[in-house]
Enquirer: 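One structure is given below, represented as C-alpha cells, and several questions about it will come after.
Source: prediction; values computed, not measured. Worth knowing before you read on, the calculation uses all heavy atoms, side chains too, and leaves out hydrogens, waters and symmetry mates. We name chains A, B, ... by the order of the sequence lines, and we start the count at 1 in each one.
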Number of protein chains: 2
Amino acid sequence: MAETENSIEIPQDFDSLKATILERKAQLPKRLRQVAAYALDHPDEIAFGTAASIATAADVQPSTLVRFAQHFGFEGFSSLQLIFRARLRERTPGYDERLRALSGNDHSKLESGSIFNGFVAAAHRSLDNIASSVEPEAFERAVNILAGAETIYLVAKRRSYPISGYMAYAFGKLKVRYQMVGTAAGIDDDILVMAGPKDAAFAVSFSPYASESVDQAKLLASRKVPVVSLTDSAFSPLVESSKVWFELVEADHAGFRSLSASMAFAMALTVAVAEKRRRNAPGV
Amino acid sequence: MAETENSIEIPQDFDSLKATILERKAQLPKRLRQVAAYALDHPDEIAFGTAASIATAADVQPSTLVRFAQHFGFEGFSSLQLIFRARLRERTPGYDERLRALSGNDHSKLESGSIFNGFVAAAHRSLDNIASSVEPEAFERAVNILAGAETIYLVAKRRSYPISGYMAYAFGKLKVRYQMVGTAAGIDDDILVMAGPKDAAFAVSFSPYASESVDQAKLLASRKVPVVSLTDSAFSPLVESSKVWFELVEADHAGFRSLSASMAFAMALTVAVAEKRRRNAPGV
DNA sequence: TAGAGAATAGAATATTTATTCCGTTCCGTC
DNA sequence: GACGGAACGGAATAAATATTCTATTCTCTA
C-alpha cells in the first residue's frame with residue numbers, strides 16, 4: 001500500500017507537516033524524496049507556484065507532486081498547497097510560540113476562557129501589525145509636528161474616544177498643552193475657530209468613521225492646522241485632511257476589537273512628543 | 001480612453017503600486033475605488049485568493065477586478081496579483097529592524113523610534129503577564145456576577161477612565177445596561193444610592209489609587225452590591241471591597257505605562273458578559 | 001535472472017479559474 | 001430631458017492548472 005494514509009492523521013499546519021516529512025524522508029522513494037527536499041527548501045515556491053512550475057523547478061513531473069501530496073494523506077496537490085499558504089499568512093516571528101503559550105494555560109477549559117485567550121491573542125497580533133506597518137520616518141514627522149505645536153487638539157469620538165482620553169491624561173501629567181474636542185457640536189466649533197497654524201491636531205477615527213471627527217479634521221486642515229491622524233485604512237476620510245497618517249488595524253476576536261495596539265501607539269506618540277519638547281526647550 | 005495606461009509606467013512593486021493607487025483614488029469610479037480600498041486593506045487576500053473569491057469578498061464582479069488591473073496598466077488580474085505575491089515573499093521587516101537600518105547620525109529619529117519600540121515591547125510583556133496571572137476560575141466568577149446584574153456600574157477615574165469609557169461604549173452596542181460613575185462627586189452619590197444587591201459594579205484603579213474610586217467601591221460594597229475590580233496589587237484598597245479582583249501590572253517603558261493589556265482584559269470581560277447574558281436569556 | 005510489485009513519466013482529461021464580450025445602467029453635458 | 005460616453009454586471013468563452021490513467025521503468029526478492 002502506497003496510497004493515502006488514512007490510519008495516521010493528516011498534518012494541519014506547516015510545522016507538523018514539516019515534522020512528518022522529516023520523519024519519513026528516509027523511506028521515501030527517489031522522486032518523492034526529491035519533492036520533499038525541494039518543498040522544505042523552497043516553501044515559498046510551493047505556496048505560490050503552479051504544479052507545473054514547481055515540477056519543473058524540482059525536476060519531477062506534475063503527477064509526482066500529486067502522488068507526494070497523497071502519500072501524506074492529502075487529497076491532492078492543491079490541499080497540500082493550502083498548508084504552505086497558511087504558513088505565509090501567519091508569518092509573524094513568535095506567532096505559534098505565543099499560541100502554544102496560550103493554549104497551555106487553563107483558560108481554554110472554561111467557557112469564558114476562550115474569549116479571554118482570544119482577545120489576548122488578538123492584542124498580540126495587533127501589536128505585531130503596528131510594529132511592521134508604522135514607518136519610523138512617519139512617526140518622527142508626527143512627533144515633530146506635535147512637539148512644535150502650541151496647543152494640541154485631540155479629536156476622537158465614540159470608539160476612539162478612550163484613546164484621546166488617555167492621551168489627554170498623559171499630556172496633562174507631562175505639562176503639554178492640549179484641548180480635547182468633545183461631542184457637543186456647538187462648543188466644539190467655538191473651540192476649533194481658535195486653532196491656527198501654530199497649533200496641531202491629533203485625530204483618531206476607525207470605520208465607521210464618525211462624521212463629526214471627519215468634519216472637524218477637515219475644518220482644522222482648512223485652517224492650516226497640521227493634522228496627524230490614526231485610522232484603519234488608507235481610504236479613510238481622515239487621510240485627505242492629514243499631514244501624516246498611520247494605518248492601524250486592530251485584530252478582532254469574534255468580530256469585536258479591543259484598543260490594545262492603539263493604546264500602545266498613543267502612549268508612544270505622547271511620550272515621544274513630550275520628550276522632544278523637553279529637549280528643544282530645556283530652559284522652560 | 002479607460003484602458004491601459006501606456007503613457008505612464010506600470011508599478012513593479014507593491015510600494016509604488018500602493019502610491020499610485022492612493023494618488024489616483026479620488027478620480028476612480030465607484031466600483032474600482034471599492035476594489036482599491038479592499039486591495040489595500042486586505043493585501044493578503046489578493047495574494048492568495050482567486051478572482052472569484054476576492055470579487056465576492058469585495059462585493060464586485062470578477063470582471064471588475066480585471067478592469068481594475070487594466071486601469072493601472074496591467075494586462076489582467078493575474079499580473080496584478082503577482083505584485084501582491086512578491087510582497088509576501090520578501091518578508092516584511094519589523095519596526096525595530098527598519099529603525100536599525102536608518103542612518104545612524106539622526107539621533108532624534110532614533111530616539112522617537114526607540115520610544116515606539118519600547119511601548120510595543122512593553123505591551124507584549126503586559127499581555128504575556130495577564131495571560132498567565134489571571135485565574136480562569138476567577139474570570140468565570142467575575143463574568144457570572146456581571147452577567148447576572150441588572151445594571152453594571154462602572155467605576156474609574158483618571159488613568160483608568162479610558163477603560164471604563166471603552167466598556168461603556170461596548171456595553172451600549174451590546175445592549176447591556178450600565179451606568180458610568182463619573183467625576184462630579186455630588187452626582188455620583190445620587191447615582192450610587194440607586195444601586196442594590198441585584199446590580200453589580202466593575203471598578204478599575206491603579207496606584208496611586210484615586211480616593212473617589214476607593215470610596216465609591218466601599219460604598220457599593222456596603223450596599224451589598226457585588227464588586228469586581230481590576231487593580232495592580234494585592235494590597236490595593238479596592239481589594240477589601242471586592243467579591244472578585246484581578247491583579248494586572250502593565251509593563252512600563254521609561255516609567256510610563258500604557259493600557260494595552262487592561263484594554264484587552266476589559267474587552268474580554270465585556271464580551272464574555274454579553275455572551276453569557278445572551279445564552280441565559282435567549283428569548284429576550 | 002526472472003518475476004512481481006512499486007514507482008515513474010508523460011499524455012489525456014477534468015476541473016478550476018481568468019478573461020472577454022455585450023446588453024444595460026449610470027452619469028455628466030448640452 | 002435627451003444624448004453620448006464611461007462604467008458595470010453577468011454569462012459565455014478561453015486559458016490555465018490539477019488530476020488521472022496507462023504504458024514503461026525500476027527495484028527488490030526468490
Enquirer: Return no unless some side-chain N or O of B:Q61 is found under 4.0 Å from OP1 or OP2 of D:dG10.
Expert: yes
Enquirer: Using atom CD of B:Q34 as one end and atom P of D:dA7 as the other, report the distance to the nearest whole Å.
Expert: 15 Å
Enquirer: Grab the CZ-P distance between B:F68 and D:dA6 for me, whole Å please.
Expert: 20 Å
Enquirer: Using atom CG of A:L65 as one end and atom P of C:dA7 as the other, report the distance to the nearest whole Å.
Expert: 16 Å
Enquirer: What nucleic acid atoms does B:L32 come within less than 4.0 Å of, heavy atoms only: base, sugar-phosphate, or nothing?
Expert: sugar-phosphate
Enquirer: Could you check if a side-chain atom of B:S16 sits within less than 4.5 angstrom of a side-chain atom of B:D13, using non-hydrogen atoms only?
Expert: yes
Enquirer: Are A:R98 and A:D128 side-chain neighbours, meaning at least one heavy-atom pair lies under 4.5 Å?
Expert: yes
Enquirer: Just one of B:L80, B:I21, B:L32 clears the side chain to side chain contact (heavy atoms under 4.5 Å, CB included) bar with B:F72, so which one?
Expert: B:I21
Enquirer: How about A:T231 and A:S236: does a side-chain donor come under 3.5 Å of a side-chain acceptor?
Expert: yes
Enquirer: Report the distance from atom CD of B:Q27 to atom P of C:dC27, rounded to the nearest whole Å.
Expert: 17 Å
Enquirer: If we ignore angles and hydrogens, is there a donor and acceptor under 3.5 Å between the side chains of A:E247 and A:S233?
Expert: no
Enquirer: Where do A:L238 and A:S213 come nearest, in terms of heavy atoms and distance?
Expert: CD2-O, 4.3 Å
Enquirer: Can you tell me if the side-chain N/O atoms of B:R67 get under 4.0 Å from OP1 or OP2 in D:dA7?
Expert: no
Enquirer: Between A:R33 (CZ) and C:dA6 (P), how many Å, whole number?
Expert: 18 Å
Enquirer: What string of B, S and - do you get for nucleotides 18-30 of chain D 5' to 3' if you count protein non-hydrogen atoms under 4.0 Å?
Expert: SBB----------
